[in-house]
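Take a look at the structure below.
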Amino acid sequence: MEHHGAALRKLTKDDALVKALKRDPSSALPDPRGKALVAFALKLTKEPAAMREEDVAALRAARLDDREMLDAAHVVAYFNFVNRLAE
């Protein structure tokens, strides 16, 4: 989180957001879209084999379209890949 947190801080100029995401990602974003994206990212990272249609339905309920869901999946997968290689 340190390296990516620095990039996020530079992009958003929101130190409180970066700290909140580091402390508890599930409650860091108050809006339904943000909550749905964080839940999706956490599950895809920690339990990829447990992903189900309900996970996509939760993103749809948060008003993400197909392109946004695909982008989210690609970003999560890429960062998981790169971070695991780095470790």
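Owing to the predicted nature of the structure, the values given are computational and were not obtained by experimental measurement.
Smallest separation of non-hydrogen atoms from A62 and P32: CB-O, 3.8 Å. Across all their heavy atoms, P48 and K46 have their closest contact at CD-C, 3.6 Å. Nearest approach of R9 to D15, heavy atoms of both residues: NE-OD1, 2.5 Å. The two atoms that bring K35 and L29 nearest to each other are CG-O, 3.1 Å, heavy atoms only.
Taking CG of L44 as the start and CG of D55 as the end, the distance is 9.0 Å to the nearest 0.5 Å. Rounding to the nearest 0.5 angstrom, the gap separating the CZ atom in R33 from the CZ atom in R63 is 10.0 Å. To the nearest 0.5 Å, atom CG of residue L85 and atom CG of residue N80 are 11.0 Å apart.
No continuous path of ILVMFWY side-chain contacts below 4.5 Å connects V76 to Y78, so the two sit in separate hydrophobic clusters. L64 and M51 fall within a single hydrophobic cluster, where Ile, Leu, Val, Met, Phe, Trp and Tyr are joined by side-chain heavy atoms under 4.5 Å apart, directly or via other members. Linking Ile, Leu, Val, Met, Phe, Trp and Tyr whenever their side-chain heavy atoms come within less than 4.5 Å puts V38 and V18 in one cluster. Each of L37 and L8 belongs to its own hydrophobic cluster when Ile, Leu, Val, Met, Phe, Trp and Tyr are linked at side-chain heavy-atom distances under 4.5 angstrom. Transitive grouping of hydrophobic side chains (ILVMFWY, heavy atoms separated by less than 4.5 Å) brings L42 and L17 into a common cluster.
Residues passing the side chain to side chain donor-acceptor pair (under 3.5 Å) test with D24, sequence neighbours excluded: S27.
Looking at E68, its side chain does come within 3.5 Å of a backbone N or O of D65 through a donor-acceptor pair.
Using a 4.0 Å cut-off between charged side-chain N and carboxylate O, R60 and D66 make a salt bridge.
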